[in-house]
Amino acid sequence: MRKKIVAGNWKMNTNFQEGIELAKSVADKYTDTKDGQEVVVFPPYLHLSAVVEELKGSKVTIGAQNCHTELKGAYTGEISAGMLQSIGMQYCLVGHSERRAYFFEDDHELTQKLKQLLNSSIQPIFCCGESLEDRKEGSYLEVIEQQLELLWAFSETEFSQMVIAYEPVWAIGTGETATAEQAQEIHAFIRTLIREKMGAALAENTSILYGGSCKPSNANELFGKDDVDGGLIGGAALNADDFLAIVKALN
Ligand code: PGA
């Protein structure tokens, strides 16, 4: 059975004190835990160690929003997968559309990051998603297929550690959500690709999350679809009650 996951990407939000408060609030309020279900928060780097402490004894897990392509060296200002491993990170985002767009991350860089994370026993959440233009042109399936292409170079064992998040760029932070049917179409497409490239067992076991203006009012419908295994939440993850209302929709 594949895992159901709700992941909260805080992006560059919350100062240190606010971040600790938010983590504490999520941990305190997440009491209705279920087997096969995981709740993960992705605070900014600065907060990670303190949030690890805050989450001790709770069922909430933690990941980082980014890592560098190299393990160590003269890369001023950067953080490596090995460093993240040393403070207990379980997950890390790779390929978020904001990093692709604002930091020009390309397939080579994303592949390097995936390798570093897998070597450090951190599970990557690999993000993909088409722009509004791609959607309007009707080329969105090809775009998704292209973005996923780099994953097929990994071994089945490596791939088994990965989670995929489908995040249409036009839905991120815009208030405009993909309909549950639009999400299901892409999720089923992604699962078919995994089946073709990696086999039926991995297709069945890979969690595919939806992201893009997911909120308490639409999470039920989205998570009700067969191939939607949870969500990657931005804005609504900054409020513990909203975030946990979305978690409830997993049931
Ligand atoms: P959003 O962000 O929920 O604010 O649209 C989602 C994401 O970027 O992961």
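No hydrogens, no waters, no symmetry mates; every other heavy atom, side chains included, goes into these values. Start at 1 and go down the list; that is how both ligands and their atoms are numbered.
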Is the closest heavy atom of [X] to ligand 1 under 4.0 Å?
{"X": "Ala171", "answer": "yes"}
{"X": "Lys11", "answer": "yes"}
{"X": "Ala236", "answer": "no"}

Can a side-chain donor-acceptor contact be found between [Y] and [X] if the only test is distance below 3.5 angstrom?
{"X": "Trp170", "Y": "Glu133", "result": "no"}
{"X": "Ser80", "Y": "Gln116", "result": "no"}
{"X": "Ser131", "Y": "Asp134", "result": "yes"}

Original post:
Backbone or side chain, does any N or O of Gly235 fall under 3.5 Å from an N or O of ligand 1?
Top reply: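 Among all N and O atoms of Gly235, at least one is under 3.5 Å from an N or O of ligand 1.
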**OP:** Answer whether the closest heavy-atom distance between the side chains of His187 and Lys225 falls below 4.5 Å.
**Re:**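 Side chain of His187 against side chain of Lys225, heavy atoms only: no contact under 4.5 Å found.
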Original post:
Looking at atom 9 (O) of ligand 1, what's its closest protein heavy atom, distance included?
Top reply: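 Its nearest protein heavy-atom neighbour is Glu167 OE2, 2.6 Å.
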**OP:** Just need the protein heavy atom nearest to atom 3 (O) of ligand 1, so name the residue and atom and give the distance.
**Re:**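 Ranking protein heavy atoms by distance from atom 3 (O) of ligand 1, first comes Gly234 N, 2.9 Å.
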Original post:
Against heavy atoms of His96, which atoms of ligand 1 measure under 4.0 Å?
Top reply: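 Those of ligand 1 that fall under 4.0 Å from His96 are 7 (C), 8 (O), 9 (O).
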Original post:
What are the atoms of ligand 1, with element, lying closer than 4.0 Å to any heavy atom of Asn9?
Top reply: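 Those qualifying, in numeric order: 9 (O).
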Original post:
Can you hop from Leu117 to Leu202 via hydrophobic side chains spaced under 4.5 Å?
Top reply: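 Both belong to a single hydrophobic cluster.
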Original post:
Measuring from Ser25:OG to Glu18:CD, what's the distance to the nearest 0.5 Å?
Top reply: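 CD of Glu18 is found 13.0 Å from OG of Ser25.
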**OP:** Check each of Gly173, Gly175, Gly211 against atom 5 (O) of ligand 1 and report the one with the nearest heavy atom.
**Re:**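 Ranked by closest heavy atom to atom 5 (O) of ligand 1, first place is Gly173.
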Original post:
Do Glu53 and Lys56 pass the salt bridge (charged side-chain N to carboxylate O under 4.0 Å, His left out) test, and can you show the C-alpha distance, the side-chain angles, and the key distance before you say yes or no?
Top reply: CA-CA 5 Å; Glu53 288 304 310; Lys56 275 195 177 139; 2.8 Å; yes
